Amino acid sequence: MNATIKGRNEIKGEVKVGGAKNAALPLLAALVVNPNVTLLNLPDLTDIKEMLNLLQKSGINHKRKENVTSFSAHDLNGDLSAIPSKIRASILLLGPLAVKNGEAILSYPGGCSIGKRPIDIHIQGLKAMGFDVKIEENFLRAKISHKLREARIRLPFPSVGATEHLMITAAMLEKTTTYISNCAREPEIVELQKFLNSMGAGIKGAGTANIKIEGRSNFSTVDFKIMGDRIEAGTYVILSLINNGEIVINGVEESSLNYVNFLREIGANLIVENSKIVVRPSKIKGFHLETAPYPGFPTDLQPQMGVLALVAEGHSKIVENIFENRLGHVEELKKMGANISVERNKEIKISGSQRLNGANVVGKDLRETATITLAATIAEGKSVVKNFDILYRGYEKVNDKLKGLGVDITLKD
Ligand code: UD1
């Protein structure tokens with residue numbers, strides 16, 4: 001699907017963000033622990049549909065009525081090898097399904113092509129917990145091979161997915177305590193602990209570098225509301241800032257918005273209160289930004305910040321430290337006339353106060369497509385964003401929301 005966007009419209013109004021994709025995916029994997037759950041605010045996204053499809057194939061069914069999704073299960077099936085995995089988060093099912101079934105087989109995880117994205121940290125962690133894990137041609141196989149033992153695992157890097165995967169798996173290992181250090185500390189991990197503990201798990205420490213998990217086997221029925229998407233919110237903040245707009249973003253928890261301080265330091269006029277962000281017209285100064293694991297600046301907002309750098313006053317430098325291939329947006333922005341240089345495939349330099357021209361651009365991954373869509377809103381004339389539907393992986397009802405904020409956008413299949 002392509003989107004035609006006519007740039008330089010007035011941006012104003014209110015928008016409500018959906019449930020956080022990156023919180024919802026691990027919560028869905030955690031349904032293997034206990035499927036008797038009702039989730040509120042599960043976002044309607046293609047990545048979520050992929051996970052629901054995997055769950056269905058493993059025996060966990062869902063019923064959705066508006067914003068409420070209820071789950072139930074009968075017999076669980078751990079062999080998902082017949083289903084190609086389009087999302088990286090599918091790996092979160094490996095350990096949990098192996099605990100439930102004795103063995104789990106998954107096709108190798110897919111996802112955005114933003115770097116090598118290996119899974120060694122997941123696998124080392126499962127092995128340390130007593131699983132036998134094998135990477136076969138296109139498949140991953142995990143088995144509980146010998147008596148499970150108390151495990152002390154130090155992650156070589158604070159991987160978000162590996163922290164979540166090991167937390168969910170360990171929560172189900174009755175009479176076993178697992179200690180994980182150098183954990184990722186993202187708000188989505190705190191959300192996962194909150195969810196698992198609400199059903200009776202014994203997890204402490206999420207949000208810090210050390211997490212302790214006491215495995216249990218009895219879990220209770222719960223209703224749980226998923227936090228708002230901080231990256232979706234940040235993308236709309238940037239939309240407003242680059243257009244000198246005035247918007248209100250609803251539905252985000254203040255405690256998850258660690259990037260707000262950085263934006264304020266570079267001149268953004270933001271009010272954050274009562275689960276909303278008010279963005280006022282602002283004068284943005286050139287900046288030096290480096291992505292880092294939480295509480296550092298999120299890599300999922302790095303490409304979008306490139307557009308802010310284009311309109312800022314003065315020079316900017318942006319360094320991507322998490323993924324080795326997340327600068328794909330640069331070539332597309334250049335098609336719109338942007339003057340950007342890239343060094344060592346991780347560092348971009350942008351001079352400010354630039355004007356863009358409409359062009360035909362194509363998105364190859366989620367945040368790249370968000371970035372070129374943002375750029376199209378400030379470009380002079382018409383742009384065509386090819387593969388616009390990639391955005392439905394992570395931005396709920398994005399077309400309607402952009403229109404509601406004043407963007408002149410039309411979609412064509
Ligand atoms: C999650 C988010 C993604 C975000 C990323 C970093 C979800 C569904 N996705 O992805 O949007 O960009 O965190 O904040 O929550 N790594 C390894 N070996 C591993 C695992 C990771 O080398 O076993 C590397 C990756 O290649 C990458 C870095 O660690 O360079 C960070 O990856 P990780 O934190 O695991 O990201 P994801 O959980 O995949």
Side-chain angles (χ1 to χ4, degrees), residues 19-30 42-43 45-51 54 85-95 108-128 133 135 140 142 153-169 180 182-192 206 209 226-227 229-232 234-235 256 258-259 290-305 319-328 345-346 365-371 390-391 393-395:
K21 167 178 88 75
N22 289 353
L25 288 166
L27 258 57
L28 289 176
L42 182 68
L45 299 168
T46 41
D47 275 16
I48 297 295
K49 286 192 185 119
E50 285 297 330
M51 194 62 149
L54 286 165
S85 161
K86 296 185 190 144
I87 51 169
R88 183 168 161 82
S90 63
I91 194 176
L92 303 182
L93 292 168
L94 189 67
Y108 204 84
C112 280
S113 48
I114 50 178
K116 289 199 292 282
R117 305 190 85 174
I119 50 168
D120 53 317
I121 306 175
H122 295 250
I123 291 178
Q124 280 163 22
L126 289 181
K127 284 185 173 167
V133 190
I135 304 179
L140 295 171
I153 304 163
R154 184 174 168 80
L155 305 183
F157 179 86
S159 153
V160 174
T163 303
E164 294 164 344
H165 189 181
L166 301 178
M167 270 169 86
I168 302 168
T169 308
I180 316 173
N182 199 27
C183 294
R185 293 183 274 163
E186 269 69 0
E188 291 77 13
I189 288 164
V190 178
E191 185 84 341
L192 177 62
I226 300 171
M227 66 190 281
D229 196 309
R230 63 193 172 102
I231 303 299
E232 184 190 5
T235 304
S256 70
N258 69 317
Y259 52 79
E290 301 223 1
T291 62
Y294 196 88
F297 196 92
T299 170
D300 286 351
L301 276 181
Q302 174 271 116
Q304 299 90 313
M305 287 296 285
V319 184
E320 172 57 48
N321 290 316
I322 307 291
F323 292 107
E324 65 283 308
N325 189 18
R326 209 172 207 181
L327 302 183
N345 202 30
K346 64 176 287 188
D365 71 51
L366 177 60
R367 307 303 171 188
E368 181 179 323
T369 308
T371 301
I390 292 183
L391 283 182
R393 292 186 55 183
Y395 292 87

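One-based numbering, in listed order, for ligands and for the atoms of each. Keep in mind that what you see is a predicted model, and the values were worked out from it rather than measured.
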Near [X], which atoms of ligand 1 are under 4.0 Å from a heavy atom of that residue?
| X | result |
| --- | --- |
| R326 | 12 (O) |
| V160 | 1 (C), 13 (O), 14 (O), 33 (P), 34 (O), 35 (O), 38 (O) |
| R88 | 20 (C), 21 (C), 39 (O) |
| G161 | 35 (O), 38 (O) |
| D300 | 3 (C), 4 (C), 11 (O), 12 (O) |
| F157 | 28 (C), 29 (O), 31 (C) |
| T299 | 6 (C), 12 (O), 14 (O) |

Notebook entry, point to check: Would you find a donor on one side and an acceptor on the other, under 3.5 Å apart, between the side chain of T169 and the backbone of L166?
Noted result: no
Margin query: Between D47 and R88 (salt bridge meaning N to carboxylate O under 4.0 Å), is one present in this structure?
Written below: no
Next item on the list: With sequence neighbours left out, write down each residue that passes side chain to side chain donor-acceptor pair (under 3.5 Å) with E188, or none if nothing qualifies.
Entry: R230
Next item on the list: Could you tell me which residues satisfy salt bridge (Lys or Arg N to Asp or Glu O under 4.0 Å) with E320, sequence neighbours excluded, listed by chain and number?
Entry: none
Notebook entry, point to check: Out of curiosity, I322 CD1 to D300 CG, how far, rounded to the nearest 0.5 Å?
Noted result: 9.5 Å
Notebook entry, point to check: So do the side chains of M305 and F297 get within less than 4.5 Å of each other, counting heavy atoms only?
Noted result: yes
Notebook entry, point to check: Does H165 have a heavy atom less than 4.0 Å from any atom of ligand 1?
Noted result: no
Next item on the list: Mark the output for P118 as yes if a heavy-atom distance to ligand 1 is under 4.0 Å, and as no if none is.
Entry: yes
